[in-house]
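The block underneath contains the structure these notes are about, expressed in structure tokens.
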Amino acid sequence: MKKNILLLFIMTLLFTTIGCGKQVTMKELRELENQVQNKLDEYYDIYHNYNGLSAYGIDEKEMVLVITLVNNNKEEQEWFKENISDSKYIKFKKGGPYTTSFRNVSLYINENTITKTGATFILKNNTNDEYWYGQEYYIERKEENVWVKIATDYPLTWNAIAYTLKANEEKEINIDWSISYGELSDGKYRLVKYTFREKDRPIDESKKLYLYAEFTIATHSNIVAGTGNTIQVKKTKLQNTNKFNEYLKKDGITIYFASNIEEVYLNLFYRDISNMTLKYYIENINEPLKDAIKDITHYLNREGIYKDGGSAVYRSKEYDITLVKCNNMS
């Protein structure tokens with residue numbers, strides 16, 4: 001019997017406003033930067049590209065998040081404020097002819113290669129232009145939902161070598177970070193590299209395209225032998241699967257189960273508790289619900305996207321699950 005699970009995520013797009021009547025802190029600016037990046041990621045997932053953005057980063061002297069736009073005009077600024085963030089701590093500037101969209105050049109990890117000292121990453125050129133990249137990279141760790149650059153005992157140095165990434169070419173990059181960072185402890189990380197178009201040399205900061213590849217370091221001994229699937233569903237006696245029951249609410253998001261679903265269990269190898277309920281997992285992790293949902297959709301295949309602001313359908317034959325993420329009840 002096919003198992004179905006429907007999770008409706010009712011999300012209100014809230015724009016960032018940090019503080020009021022007080023000096024913004026560096027932590028708050030990093031949180032804003034992280035929120036902007038997440039918002040851009042959601043936009044890329046829906047519409048596949050956004051060519052208006054050149055780069056973004058924190059200006060520690062002025063204590064603002066600088067957004068450099070290719071066309072720094074009023075229309076582009078208003079679009080950014082309406083769709084990404086209207087924080088008063090954002091300052092717009094004129095940038096170069098680049099987007100930070102990973103749809104241009106993508107960087108992602110081969111999860112089967114992850115160890116505490118290194119991994120293999122895939123760099124793919126999705127355009128008809130030639131890109132270049134070097135050996136340089138750095139690693140950030142997610143701490144209290146903020147990406148923090150990992151400190152090293154000494155400045156990192158790199159050989160001045162440039163590699164070509166031809167149009168529509170894909171390359172594997174084997175990275176051993178043990179010399180720079182040693183063994184990474186359990187947690188969520190991302191590797192950061194930049195690339196640039198060959199025809200735009202010489203480059204400056206505004207022409208660099210920064211790429212991020214997230215990964216998790218985990219202790220595999222937390223897996224319970226014989227549990228099999230990472231996601232498991234407990235069914236009730238068959239009911240009307242066109243009806244849905246409210247399961248829980250958090251962070252302005254409501255989760256519903258199809259009426260024949262009693263519970264969903266997770267076996268996430270990097271958590272200390274195996275075979276936990278979805279409710280326990282969501283209520284006890286120290287991160288927003290939307291990030292917890294990514295832990296689930298990671299194991300599913302996205303099969304459909306609706307251009308209504310973010311609705312998407314995820315399915316898995318292996319786990320026999322359908323998950324629907326919606327922006328509104330209709």
request  = Give the C-alpha distance, both sets of side-chain angles, the deciding distance and a yes or no for side-chain contact (heavy atoms from CB on, under 4.5 Å) between Lys171 and Ile122.
outcome  = CA-CA 6 Å; Lys171 285 187 176 180; Ile122 312 298; over 6 Å; no
ask   = With a distance cut-off below 6.0 Å to the six-membered ring centre and an angular limit of 45° from the axis, does Arg201 pair with Trp132 as a cation-pi contact?
value = yes
ask   = Is there side-chain contact between Leu209 and Phe196, with heavy atoms separated by less than 4.5 Å?
value = no
Asn159 side-chain N/O to Ile161 backbone N/O, donor-acceptor pair under 3.5 Å = no
message = Return the CD1 to OG1 distance between Ile114 and Thr216, rounded to the nearest 0.5 Å.
response = 7.0 Å
Asp153 atom CG, over 12 foreign heavy atoms within 6.0 Å = no
request  = Please report the C-alpha distance between Ile150 and Leu184 in whole Å, then the side-chain angles of each, then the deciding distance to 0.1 Å, and finally whether the side-chain contact (heavy atoms from CB on, under 4.5 Å) criterion is met.
outcome  = CA-CA 10 Å; Ile150 300 177; Leu184 298 182; 4.2 Å; yes
task = Considering non-hydrogen atoms only, spot the tightest contact between Glu169 and Thr164 and give its length.
result = OE1-O, 4.0 Å
Rounded distance [0.5 Å steps], CD1 in Ile173 versus CG in Asn110 = 12.5 Å
message = Quick one about Ser259 and Asn245 (side-chain donor to acceptor, distance below 3.5 Å, no hydrogens or angles considered), yes or no?
response = no
query = Under 3.5 Å, side chain of Thr115 to main-chain N/O of Gly118, donor-acceptor pair present?
reply = yes
ask   = Looking at CG of Leu65 and CZ of Arg30, how far apart are the two atoms once the value is rounded to the nearest 0.5 Å?
value = 11.0 Å
inquiry  = Which heavy atom of Lys116 sits nearest to which heavy atom of Ile217, and what is that distance?
reply    = CG-CG2, 3.8 Å
request  = Evaluate the criterion side-chain contact (heavy atoms from CB on, under 4.5 Å) for residue pair Leu156 and Tyr181; output intermediate values, then yes/no.
outcome  = CA-CA 10 Å; Leu156 302 181; Tyr181 298 100; 3.6 Å; yes
query = Any cation-pi pair here, Lys208 with Tyr194, using under 6.0 Å and within 45°?
reply = yes
ask   = Does Tyr133 have Lys193 sitting over its ring (NZ/CZ under 6.0 Å from centre, angle to axis within 45°)?
value = no
query = What distance separates Tyr247 OH from Ile255 CD1, expressed to the nearest 0.5 Å?
reply = 7.5 Å
query = Can the ring centroids of Tyr137 and Trp158 be said to lie less than 6.0 angstrom from one another?
reply = yes
request  = List the atom of Ile261, the atom of Lys235, and the distance in Å for their closest heavy-atom pair.
outcome  = CD1-CG, 4.5 Å
ask   = Any side-chain donor-acceptor pair under 3.5 Å between Tyr189 and Arg141?
value = yes
query = Less than 4.0 Å between a side-chain N and a carboxylate O, is that true for Glu130 and Lys199?
reply = no
task = Find out whether Glu214 and Tyr212 are in side-chain contact, i.e. whether some heavy atom of one side chain is under 4.5 Å from a heavy atom of the other.
result = no
task = Write down the atom of Glu143, the atom of Val148, and the distance for their closest heavy-atom approach.
result = OE1-CG2, 4.0 Å
ask   = For Leu107 and Leu191, what are the C-alpha separation, side-chain angles and deciding distance, and is it a side-chain contact (heavy atoms from CB on, under 4.5 Å)?
value = CA-CA 9 Å; Leu107 178 69; Leu191 183 119; 4.0 Å; yes
key: Nearest-0.5 Å distance that lies between atom NZ in Lys124 and atom CG in Leu211   = 13.0 Å
inquiry  = Testing the 3.5 Å rule here: is there a donor-acceptor pair between the side chains of Tyr89 and Glu62?
reply    = no
key: Glu198 side chain reached by Tyr131 side chain, heavy atoms, under 4.5 Å   = no
ask   = Side-chain contact, heavy-atom cut-off 4.5 Å: Leu123 with Val105?
value = yes
task = Calculate, to the nearest 0.5 Å, the distance between atoms CD1 and CG belonging to Ile58 and Leu32 respectively.
result = 8.0 Å
ask   = Is the cationic atom of Lys149 (NZ for Lys, CZ for Arg) positioned less than 6.0 Å from the six-membered ring centroid of Tyr138 and within 45 degrees of its normal?
value = yes
key: Flag if over 12 foreign heavy atoms under 6.0 Å of NZ, Lys249   = no
task = Keeping the roles fixed (side chain from Asp129, backbone from Arg197), state whether a donor-acceptor pair exists under 3.5 Å.
result = no
inquiry  = Please check this pair: side chain of Asn83 against backbone of Trp79, looking for a donor-acceptor N/O pair closer than 3.5 Å.
reply    = yes
key: Contact summary for Asn125 and Lys166, nearest pair of heavy atoms   = ND2-O, 3.0 Å
inquiry  = Are Lys81 and Phe92 packed together at the side-chain level, in the sense that at least one heavy-atom pair is separated by less than 4.5 angstrom?
reply    = yes
ask   = Is any side-chain heavy atom of Ile282 closer than 4.5 Å to a side-chain heavy atom of Leu248?
value = yes
message = Give me the atom names and distance for the closest heavy-atom approach of Phe244 to Ala258.
response = CD2-CA, 3.5 Å
